[in-house]
Amino acid sequence: MTGATERTLFEAPPMGEQERMVEAILFASADPVTVAELQSRMPHGCDPAEALAYLRKRYEGRGVHLVRVGDAYAFRTAADLGYLMQKESTEVRKLSRAAIETLAIVAYHQPVTRTEIEEIRGVAVSRGTIDQLLELDWIRLGRRRMTPGRPVTFVVTEHFLDHFGLESARDLPGLKELRAAGLLDNRPLPGSMQKPDDEDEANTGQSELFEDE
Amino acid sequence: MTGATERTLFEAPPMGEQERMVEAILFASADPVTVAELQSRMPHGCDPAEALAYLRKRYEGRGVHLVRVGDAYAFRTAADLGYLMQKESTEVRKLSRAAIETLAIVAYHQPVTRTEIEEIRGVAVSRGTIDQLLELDWIRLGRRRMTPGRPVTFVVTEHFLDHFGLESARDLPGLKELRAAGLLDNRPLPGSMQKPDDEDEANTGQSELFEDE
Amino acid sequence: MTDDWSEPVANPAERLAAEALIVDVDGFEGPLDLLLTLSRTQKVDLRRISVLQLAEQYLGFVTRARALRIELAADYLVMAAWLAFLKSRLLLPPEPGDDGPSAEELAAHLAFQLERLEAMREAAARLMARDQLGRDIFARGIPEDVTRNRIITYDASLIDLMRAYARIRTRDEFRPFVMDRDHVFTMEQALDRMRGLIGYAGDWADLTSFLPEGWDATPMRRRSSTAAHFAAILELAKQGQVVLRQGETFAPIQLRRRDGA
């Protein structure tokens with residue numbers, strides 16, 4: 001090596017300077033760096049191990065720590081600040097038409113079975129729609145119907161009432177009010193609106209309801 | 001506002017803690033982070049600008065510096081330690097003379113139209129030159145000029161500032177002197193607009209020019 | 001600035017001629033670049049340059065290039081023509097009454113252009129000499145990517161809910177793709193109806209009196225129900241259940257139950 005004799009001519013840089021070097025190399029390196037590699041990259045006579053020890057101390061309690069990874073070293077953000085490395089963005093989406101209709105049927109007809117929902121909507125209700133409403137905690141399972149097959153029923157939740165600003169499902173406006181509010185075409189109605197059931201399912205145990213799922 | 005009451009409920013973290021947070025966020029990012037983004041990621045009531053000032057001081061003279069890039073901040077290795085970093089250096093694409101000059105003209109004359117660049121260089125600017133600079137993300141389109149034809153203008157980017165270690169376009173080397181010397185003026189060819197009425201000045205300049213003959 | 005044009009030149013004219021022969025025109029980035037290069041041979045600050053001398057240098061260059069049959073781009077020739085014009089203007093006293101820009105102004109502008117180009121070249125050089133990211137200064141090598149947690153929430157308002165319910169409950173009246181049969185009374189319906197009604201028709205009665213309530217309100221409904229009921233009573237007559245009569249053309253059609261039916 002041509003530099004070998006030359007190097008001995010120079011004193012090793014002061015420790016503070018060595019610390020700066022290690023700091024810069026570790027910062028810029030894409031991978032953790034070993035002591036041997038630091039040695040090879042720093043001027044002759046440097047003591048990277050000592051510089052690392054000083055540097056480690058310097059970063060104690062800071063937002064960034066000097067950590068040992070195997071036999072190499074790297075900077076890492078302090079573990080307690082990990083939450084800063086997340087960026088939360090909330091995206092609000094409109095419920096699908098199927099979901100909102102299903103929800104409306106549950107709200108107006110509860111407790112209601114899936115078959116009944118399908119009868120009212122006139123189309124099949126997908127598993128995903130029900131799951132989504134359950135996940136949103138807007139509907140939950142109610143009592144099983146005491147009919148053959150003992151089908152599960154769905155009812156709306158407290159969370160649903162909260163979200164829609166209702167004291168109870170009975171506060172849902174009737175069709176007459178909907179029409180008065182201009183939400184319905186002004187046409188004669190085939191049959192009167194069905195009143196929500198008064199059944200109280202607040203204490204329905206849910207464990208048994210899941211048995212047949 | 002709901003946030004207003006919420007904010008007063010929680011004390012902002014102490015400044016030392018805020019400094020750690022800024023340190024962690026900036027350390028983790030390869031790209032400069034704006035104050036606004038810091039604010040959005042830190043808890044309510046934090047003052048990232050103040051924390052940045054403290055942090056900048058803390059890293060003065062270290063192997064890694066806190067630098068400002070436009071409205072954003074980033075950690076960068078100290079320039080004097082660049083020689084240790086050969087391993088990290090990325091192959092810099094060799095720019096043509098035309099590209100380098102065009103870049104300088106955009107930086108010093110921004111916002112500048114293509115016609116103005118051509119006037120200064122005295123030669124047509126090829127599409128490829130502009131494309132290359134756009135691709136490097138060193139220049140971008142600015143506002144259209146409110147002159148006939150509404151030509152597009154070019155300005156330099158934050159990435160340009162970051163690449164050349166400039167806090168802002170105002171920090172371009174020699175900018176003040178060039179402006180004072182009138183070399184950043186967009187002087188039209190005499191006769192193409194109104195005649196300059198300052199005959200005396202023109203004569204002085206001209207007589208000087210004749211002396212050399 | 002450009003005074004350190006290294007090589008000493010004994011005879012500027014010879015030197016220039018040699019230069020012009022060596023330098024390929026393609027090596028210049030346009031006439032202005034060529035002029036800037038030529039101006040450097042004057043070894044003065046660009047502010048003190050002799051534009052007249054420069055014009056002569058340029059024209060000489062162009063002449064030699066032509067002698068060597070070097071193709072010159074149009075803009076070089078345009079510049080040559082302009083400089084020839086400028087040269088004559090600089091040498092001759094201004095014509096009285098000439099109100100165009102003076103030769104001095106034009107010369108000053110050219111000097112300004114050269115100075116500005118030179119300044120930009122120096123600025124470019126200084127810019128490129130700066131510490132550059134990825135070459136002299138470095139960014140974080142192990143960026144810790146910010147994880148972006150996208151939370152999707154679904155929203156619906158009470159209005160949405162009510163609209164949805166209203167939509168379901170009124171679906172029976174709302175059949176956009178089915179022909180509107182609201183105003184059509186079928187013969188089957190009329191037959192069913194008449195079978196129930198003829199028991200009460202012991203005496204002659206107008207067919208119109210059998211039309212269902214609400215079906216004489218609009219002409220369309222009246223026509224549809226009349227036609228259906230007429231067809232129905234024809235059927236009933238055929239079955240021998242009713243007797244029909246009509247006094248004259250367009251007179252009311254009357255029916256009564258057939259006795260003994």
Side-chain angles (χ1 to χ4, degrees), chain B residues 25 27-31 41 65 67 74-79 82 85 88-90 92 95 97-98 100-101 103-105 107-109 119-124 162-166 172-175 178 181-185 187-191 195-196 202-203 205-206 208-213, chain C residues 28-36 42 44 47-54 75 79 90 99-146:
Chain B
I25 294 172
F27 229 86
S29 174
D31 295 315
R41 281 167 67 180
H65 292 161
V67 300
F75 276 117
R76 296 286 180 252
T77 60
M85 244 62 76
E88 273 73 39
S89 18
T90 43
V92 181
L95 283 183
R97 179 170 145 182
I100 292 168
E101 279 182 23
L103 177 66
I105 291 167
Y108 282 83
H109 289 261
E119 246 172 53
I120 294 168
R121 293 199 63 230
V123 69
D162 192 19
H163 186 92
F164 290 99
L166 296 162
L172 284 163
L175 184 70
L178 288 171
L183 290 171
L184 301 182
D185 296 351
R187 272 187 231 171
L189 182 71
K195 214 169 142 188
N203 281 339
Q206 198 54 38
E208 275 179 331
L209 288 172
F210 273 100
E211 275 169 13
D212 279 50
E213 277 209 79
Chain C
F28 293 107
E29 289 207 58
L32 209 55
D33 182 32
L34 172 57
L35 278 168
L36 190 58
Q42 293 188 20
V44 290
R47 285 162 205 271
R48 304 170 153 270
I49 199 165
S50 161
V51 170
L52 184 60
Q53 195 189 321
L54 187 61
D75 50 346
M79 178 62 87
L90 284 169
D99 55 354
S102 73
E104 286 76 13
E105 281 164 0
L106 293 174
H109 184 74
L110 180 61
F112 166 74
Q113 280 182 293
L114 291 174
E115 204 193 338
R116 185 173 62 179
L117 179 59
E118 175 80 358
M120 277 303 108
R121 293 207 167 150
E122 280 173 13
R126 263 193 280 180
L127 192 62
M128 297 315 279
R130 285 185 70 85
D131 292 326
Q132 292 184 37
L133 192 67
R135 191 186 74 184
D136 311 287
I137 42 184
F138 295 86
R140 180 74 172 122
I142 319 173
E144 290 163 56
D145 283 332
V146 175

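Chain identifiers are assigned alphabetically (A, B, ...) following the order of the sequence lines, protein sequences preceding nucleic acid strands; residue numbering begins at 1 within each chain.
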Heavy-atom pair count under 4.5 Å with chain B, highest-scoring of C:Asp136, C:Leu127, C:Leu106: C:Leu127
B:Ile105 CD1 to C:Leu117 CG distance, which is reported to the nearest 0.5 Å: 7.0 Å
Interface moiety of B:His65 toward chain C, non-hydrogen atoms closer than 4.5 Å: neither
C:Arg130 side-chain N/O to B:Gly165 backbone N/O, donor-acceptor pair under 3.5 Å: yes
Top contributor to chain C interface from B:Ala74, B:Ala98, B:Ser29 [non-hydrogen pairs under 4.5 Å]: B:Ala98
Spatial distance of atom CZ (C:Arg116) from atom CD1 (B:Ile120) [nearest 0.5 Å]: 4.5 Å
Toward chain C, the part of B:Ile25 with a non-hydrogen atom under 4.5 Å: neither
Interface moiety of B:Ala78 toward chain C, non-hydrogen atoms closer than 4.5 Å: backbone
B:Leu175, part contacting chain C, at a heavy-atom distance under 4.5 Å: neither
Minimum side-chain heavy-atom gap B:Leu178-C:Met120 below 4.5 Å: yes
Heavy-atom donor-acceptor pair, C:Arg140 side chain to B:Ala28 backbone, under 3.5 Å: no
Minimum heavy-atom distance C:Asp131-B:Ala79, with the two atoms named: OD2-CB, 2.9 Å
